[in-house]
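This report refers to the structure that appears directly beneath it.
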Protein chains: 2
Amino acid sequence: MTGKGNPTSLYARGESLQRATAILGKKWHPLLLYTLLTEGPQGFNDMKSRVDGISDKVLSDALEDLQDAGLVVRDVVEDKPVRVNYSLTAAGEDLEPIIEGLLEWSHEHLGEDG
Amino acid sequence: MTGKGNPTSLYARGESLQRATAILGKKWHPLLLYTLLTEGPQGFNDMKSRVDGISDKVLSDALEDLQDAGLVVRDVVEDKPVRVNYSLTAAGEDLEPIIEGLLEWSHEHLGEDG
DNA sequence: CAGTATCCAAATAGATACTG
DNA sequence: CAGTATCTATTTGGATACTG
């Protein structure tokens, strides 16, 4: 019980929590981050083929969002054809234990299969 | 690197992740859980006054959703007026380390204030 | 290969008023 | 105290087609 009896700090924590879950709560974001964590830096189509069911537009939007949030970096390799590489920032990598925890919690309490 | 080179297991993990974040990604859920974690079991209006900016309807919907997910239990104490008490299930309590991790991550990477 | 442009459907959240 | 009923606004996600 960390903040017992202190509504102000509860409020401040609420803002932090909401800023964090505004990212992890997007439908595809955790999975995209997890893909980068486990499969390493990769291109647009690599991610698309690994993340089952995502469309071009949604993947594009999601990656942009993750860049804006500072979790992912995009770098363009000027070849022909152009290659683009997505990888995690330190902030993105620091989510690993949280994502693993989520996975474990999900298995324990929501079951292995849907 | 746990699932390297195995798209099938990555896919299975994706489903687990999405079931977990379908809960934690709702705007108010993590904060409601955190309130129950730090302030203990409490009534509807207690939660409402602690969670800044939430409306009756949204709180009501959220609590129902958390019950359906098996994270929160609601019990009615038949007094006059009726008292209702919300508390966490074991599954709800097991989210504590994850929520703390999220909070810590948020402070480190998103800053203390907005 | 790596996306954009449109257009559309569904899901969430919020304001306001009312109830036992 | 503990909600429900409406109605609306906003945010996401998705299908399809096209581009350098």
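Throughout, protein chains are lettered first and strands after them, A, B, ... in sequence-line order, and every chain is numbered starting at 1.
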(request) Establish, with yes or no, whether the OP1 or OP2 oxygen of D/dG14 is under 4.0 angstrom from a side-chain nitrogen or oxygen of A/W28. (result)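 So the side-chain polar atoms of A/W28 do come within 4.0 Å of the phosphate oxygens OP1 or OP2 of D/dG14, strictly under.
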
(request) Name the first nucleotide and the last nucleotide along DNA chain C (5' to 3') that come under 4.0 Å of a heavy atom in chain B. (result)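 Taking any atom under 4.0 Å from a heavy atom of chain B, the span is C/dT12 to C/dA15.
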
(message) Are A/L59 and A/W28 packed together at the side-chain level, in the sense that at least one heavy-atom pair is separated by less than 4.5 angstrom?
(response)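 Result no, sub-4.5 Å side-chain heavy-atom pair not found.
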
Is there a donor-acceptor pair closer than 3.5 Å between any side-chain N or O of [X] and the backbone N or O of [Y]?
X	Y	answer
A/T89	A/G70	yes
B/D65	B/A62	no
B/Q67	B/L63	yes
B/R19	A/L110	yes
B/T38	B/Y34	yes
A/S55	A/V58	yes

(request) Compute the bend angle of the helix from C/dC1-D/dG20 to C/dG20-D/dC1 from the end axes (five pairs per end), rounded to 10°. (result)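 Axis angle across the helix from C/dC1-D/dG20 to C/dG20-D/dC1, nearest 10°: 50°.
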
(message) Any carboxylate oxygen within less than 4.0 angstrom of a Lys/Arg side-chain nitrogen, looking at A/D61 and A/K57?
(response)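 Result for this pair is yes, salt bridge flagged.
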
(request) Please list, by residue number, the residues of residues 51-75 of chain B whose heavy atoms come closer than 4.0 Å to an atom of DNA chain C; answer none if no residue qualifies. (result)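 Output list: B/K57, B/V58.
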
(message) From CG of A/L32 over to C1' of D/dG13, roughly how many Å is that when rounded to an integer?
(response)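 Answer to the nearest Å: 13 Å.
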
(request) Could you state the atom-to-atom distance from NZ of B/K26 to P of D/dT12 in whole Å? (result)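 Taking atom P of D/dT12 as the reference, NZ of B/K26 is at 14 Å.
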
(message) Between A/A22 and A/P81, which residue's closest nucleotide on DNA chain D lies nearer the 5′ terminus?
(response)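 Looking at the nearest nucleotide for each, A/A22 comes out on the 5' side.
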
(message) Quick check: on DNA chain D, is the nucleotide nearest B/N45 upstream (toward 5') of the one nearest A/G25, or the reverse? Name the residue that is more 5'.
(response)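 The residue closer to the strand's 5' end, by nearest nucleotide, is B/N45.
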
(request) Treat each ILVMFWY residue as a node, draw an edge where side-chain heavy atoms are under 4.5 Å apart, and state whether B/V76 and B/V73 are in one component. (result)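 No: no chain of side-chain contacts under 4.5 Å links B/V76 to B/V73.
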
(request) Evaluate whether atom CD of B/Q18 has more than 12 neighbouring non-hydrogen atoms of other residues, nucleotides or ligands under 6.0 angstrom away. (result)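 For B/Q18, atom CD is crowded (more than 12 foreign heavy atoms under 6.0 Å).
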
(request) Could you tell me whether B/Q42 atom CD has more than 12 heavy atoms of other residues or ligands within 6.0 Å of it? (result)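 Yes, the 6.0 Å shell around CD holds more than 12 heavy atoms from other groups.
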
